[in-house]
Participant: 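My questions all concern the structure below.
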Amino acid sequence: MGSYQIMTGNEACAKAAIACGMRFFAGYPITPATEISEICSELLPQVDGVFMQMEDELSSIGAVIGASCAGKKAMTATSGPGFSLMQENLGWAYINEIPCVIVDVMRKGPSGGSATLPAQADIMQTKWGTHGDHPNLVIMPNSVEEIYTETIRAFNLSEKYRQPVILLYDAILAHMSEKIYVPFLDEINVIDRPLPEGSKKDYLPFRYTDSKVQPLAPFGQGYHLHFSGLTHDETGFPISNQDLTGLQITLGHLMAKIDDEYDAHIKKYESYMLEDADIIVVSVGITSRSAKTAVRRARDMGIKAGLFRPITMWPFPHHDFSQINLVCKAVVTAEMNIGQLNQVVTEDIDRNQKLVMKNLYDGNPIRDVDILNSIIEANKYEQ
Amino acid sequence: MNNDIYTKYLALDKMPTMWCPGCGNGIVLQSILRAVDELNVDRDKVVFVSGIGCSSRAVNYLDFDCMHTNHGRAIAFATGLKMANPDLHVIVLTGDGDCASIGGNHLIHACRRNIDLTIICMNNSNYGMTGGQYSPTTPIGSQTKTSVYGSYEPPFDLCKLTESAGATYVARAATYYPLQMKELIRKALQHHGLSFVDCASDCPSLFGRLNRLGDAGQMMLRWKDRLVSIQKAQSLSEEELENKVVWGEFVNKDNRKEYCDIYAENIAKAKEAANG
Ligand SMILES: Cc1ncc(C[n+]2csc(CCOP(=O)(O)OP(=O)(O)O)c2C)c(N)n1
Ligand code: SF4
Ligand SMILES: [Mg+2]
């Protein structure tokens, strides 16, 4: 048995990462993510881990990728301004299939915005932030305990699929304290990246023939690895622009390795009172907690409301959601931005279903009563 | 020519290189490989990290563990690699644009930390890869694609920059003196702490052509009168040193702790605090 402890979201994130084997952290201080750096600076050296306060966020994620190539589980944590700076190097990690975890603690933007105020406006940035096409794995927890368990899942997915994973939550979750269950180390299911077997000479760092994840050899062990941000073949060496099928094959593999595993191992969402729901509220992160209360209050009033809450935000569970919402008459999206989740949900609903938006982007959390009002409004709709 | 070095260390199936005939990068790369060969270290522990540019392309011809990263970011990736595995000999191959403009911040902070990386800059005083624009080391008055009336931005002296930022080994080598270049690089590789070697080189296709400096051979001969050793420079006046390039070993000291060693002390302190 582990123990029950009271801690903040940022503390849970740092401690869960170390518990599942993260041994390299590089970051640059920024509100509301700073505590993750502070805690790592204290705890990592106690377990022979490396903490580095880098000169900026470009180098933070660069160092994280470098450390991961040396075989370490590595993480960085930042907020919007720093996350923007990380995008180019993040793309390098996608194309070279380097495991690492990036925590983006959302604050109100754009630009410097309001450092201490929460927002949920980086949802689209985590999908499309870096240039060019690439797959995504983005997780949005909604409680301190879930930050703990989902940080571990972020590392597991990252190691298993050789892919950067982004953990996305907001300033409120970062700083609120909750009682959580902290498991013993041997209770935690830890996945480590598969290492290659067989001859070092024949090892290829990439595999584009099918959707299988190629084992990742660490630097310094005689594999003579080659990693490049340029379009490359399975050897990792750049290919010429004459070979135009190259990128098609690479991207096909990157997408397929996630798509093929999605239903069984990646997809994750919470369904609450959805069986007979006329009104489905779709909400993520901190806002989903107000949404859940609103759904309960609507039920008390006799309105058949339910909640659909993606935990794996990207890839979004389009297929499941479009099945779940077949018979409902309206969908309410509640989010602290101008409508990013709403845009995603639009794809999955019919023209005769009503879509109601509840958005707040003034730096305040959305209250349950506001979402309840949206549910009541949606309930008036006659199909 | 020592062909052994080529078969031993180059990814020969990737030849020919993308470099123009007469480009200085080949001389620098050869010097590096000769220096590595003399080191007598486990070759599998030698890793190369580069950024973006004609110079950074060098890693694409090497049979070592290599990382060809983003423009300016080689030192950042290398820092993580080294800290995650201090047993590695991490060599950063970079250009004047890569390490001194877009990656300048990483350069000075790596020097400040005195982390045990060897940074080798192939300094051709322009952005070769993008077609010959001015760089932070382009001499004033030079013709480049973005200084058609003559370059007007004051250049960096990369040796002075890295020395004042805290590098504990700093040298300037020149493609005109390849054997001495090999020696200086070898010493840089053996140095424990941050070592920086500025390799004065040529880009005949762009900087040479735009400034009407002749072909690669003629450009090479121009160095003869411009290069002045540190020893000789001491006896010359400031006027006499104008338009000269001083080469040799500027800094070689062990009076500062190396960063991985400093971090090991931090680990010891943390464990003591946790147990105490
Ligand atoms: C972020 C980014 N900005 C700009 C470029 C375009 N670019 C590629 S190489 C280069 C300059 C390289 O100059 P240098 O480092 O001196 O290398 P050289 O080609 O001269 O060897 C630039 C500006 C890029 N690849 N990435
Ligand atoms: S453009 Fe200049 S630096 Fe680039 S390969 Fe050609 S000669 Fe060398
Ligand atoms: Mg250059």
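Atom set for the values below is all heavy atoms of this structure, side chains included, hydrogens, waters and symmetry mates excluded.
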Participant: Scan the chain A/chain B interface and emit each donor-acceptor pair under 3.5 angstrom with its distance.
Facilitator:
{"from": "A/Asp48", "atom 1": "OD1", "to": "B/Lys271", "atom 2": "NZ", "distance (Å)": "2.8"}
{"from": "A/Asp48", "atom 1": "OD2", "to": "B/Lys271", "atom 2": "NZ", "distance (Å)": "2.9"}
{"from": "A/Gly49", "atom 1": "O", "to": "B/Tyr263", "atom 2": "OH", "distance (Å)": "2.8"}
{"from": "A/Phe51", "atom 1": "N", "to": "B/Tyr263", "atom 2": "OH", "distance (Å)": "2.9"}
{"from": "A/Gln53", "atom 1": "O", "to": "B/Arg113", "atom 2": "NH2", "distance (Å)": "3.3"}
{"from": "A/Glu55", "atom 1": "OE1", "to": "B/Arg113", "atom 2": "NH1", "distance (Å)": "3.0"}
{"from": "A/Glu55", "atom 1": "OE1", "to": "B/Arg113", "atom 2": "NH2", "distance (Å)": "2.9"}
{"from": "A/Glu55", "atom 1": "OE2", "to": "B/His106", "atom 2": "ND1", "distance (Å)": "3.0"}
{"from": "A/Asp56", "atom 1": "OD2", "to": "B/Asn105", "atom 2": "ND2", "distance (Å)": "3.4"}
{"from": "A/Lys72", "atom 1": "NZ", "to": "B/Ala84", "atom 2": "O", "distance (Å)": "3.4"}
{"from": "A/Glu88", "atom 1": "O", "to": "B/Asn70", "atom 2": "ND2", "distance (Å)": "3.2"}
{"from": "A/Asn89", "atom 1": "OD1", "to": "B/Asn70", "atom 2": "ND2", "distance (Å)": "2.8"}
{"from": "A/Trp92", "atom 1": "NE1", "to": "B/His68", "atom 2": "O", "distance (Å)": "2.8"}
{"from": "A/Gly220", "atom 1": "N", "to": "B/Asp65", "atom 2": "OD2", "distance (Å)": "2.5"}
{"from": "A/Gly220", "atom 1": "O", "to": "B/Lys45", "atom 2": "NZ", "distance (Å)": "2.7"}
{"from": "A/His224", "atom 1": "N", "to": "B/Asp65", "atom 2": "OD1", "distance (Å)": "3.0"}
{"from": "A/His224", "atom 1": "ND1", "to": "B/Asp63", "atom 2": "O", "distance (Å)": "3.1"}
{"from": "A/His224", "atom 1": "ND1", "to": "B/Asp63", "atom 2": "OD1", "distance (Å)": "2.8"}
{"from": "A/His224", "atom 1": "NE2", "to": "B/Asp44", "atom 2": "OD1", "distance (Å)": "2.8"}
{"from": "A/Leu225", "atom 1": "N", "to": "B/Asp65", "atom 2": "OD1", "distance (Å)": "2.6"}
{"from": "A/Leu225", "atom 1": "O", "to": "B/Cys66", "atom 2": "N", "distance (Å)": "2.8"}
{"from": "A/His226", "atom 1": "NE2", "to": "B/Asn60", "atom 2": "ND2", "distance (Å)": "2.9"}
{"from": "A/Phe227", "atom 1": "N", "to": "B/Cys66", "atom 2": "O", "distance (Å)": "3.0"}
{"from": "A/Phe227", "atom 1": "O", "to": "B/His68", "atom 2": "N", "distance (Å)": "2.7"}
{"from": "A/Ser228", "atom 1": "OG", "to": "B/His68", "atom 2": "ND1", "distance (Å)": "2.8"}
{"from": "A/Gly229", "atom 1": "N", "to": "B/His68", "atom 2": "O", "distance (Å)": "3.2"}

Participant: Is the shortest side-chain heavy-atom distance between A/Thr34 and A/Val105 below 4.5 Å?
Facilitator: no

Participant: So do B/Leu161 and B/Phe196 actually touch side chain to side chain, heavy atoms under 4.5 Å?
Facilitator: no

Participant: Among pairs that include at least one residue of residues 21-60 of chain B, which meet ring-ring contact (aromatic ring centres under 6.0 Å, His included), considering only residues two or more places apart or in two chains?
Facilitator: B/Phe48-B/Phe64

Participant: On the 0 to 90° scale, with breaks at 30° and 60°, tag the A/Phe206-A/Phe227 ring pair as parallel, tilted or perpendicular.
Facilitator: perpendicular

Participant: Are the side chains of B/Val46 and B/Ile91 in touch, meaning some heavy atoms are under 4.5 Å apart?
Facilitator: yes

Participant: Give the member of A/Pro205, A/Ala70, A/Gly220, A/Ala217 that has the highest number of heavy-atom pairs under 4.5 Å with chain B.
Facilitator: A/Gly220

Participant: Select one option (side chain, backbone, both, neither) describing which atoms of B/Leu62 are under 4.5 Å from chain A's heavy atoms.
Facilitator: backbone

Participant: Run the side-chain contact (heavy atoms from CB on, under 4.5 Å) check on A/Cys69 and A/Ile98 step by step: do they pass?
Facilitator: CA-CA 7 Å; A/Cys69 289; A/Ile98 307 300; 3.7 Å; yes

Participant: A/Ala63: what forms a side chain to side chain contact (heavy atoms under 4.5 Å, CB included) with it, not counting sequence neighbours?
Facilitator: A/Phe24, A/Ala26, A/Met54

Participant: Under 4.5 Å from any heavy atom of chain A, what part of B/Ala74 do you find: side chain, backbone, both or neither?
Facilitator: neither

Participant: Who passes side chain to side chain contact (heavy atoms under 4.5 Å, CB included) against B/Ala78, sequence neighbours left out?
Facilitator: B/Val49, B/Val90, B/Val92, B/Leu117

Participant: Among the options B/Met67, B/Met83, B/Met18, pick out the one with the most heavy-atom pairs lying under 4.5 Å from chain A.
Facilitator: B/Met67

Participant: Measure distances from A/Val50 to the heavy atoms of chain B and classify the residue's part below 4.5 Å as side chain, backbone, both or neither.
Facilitator: both

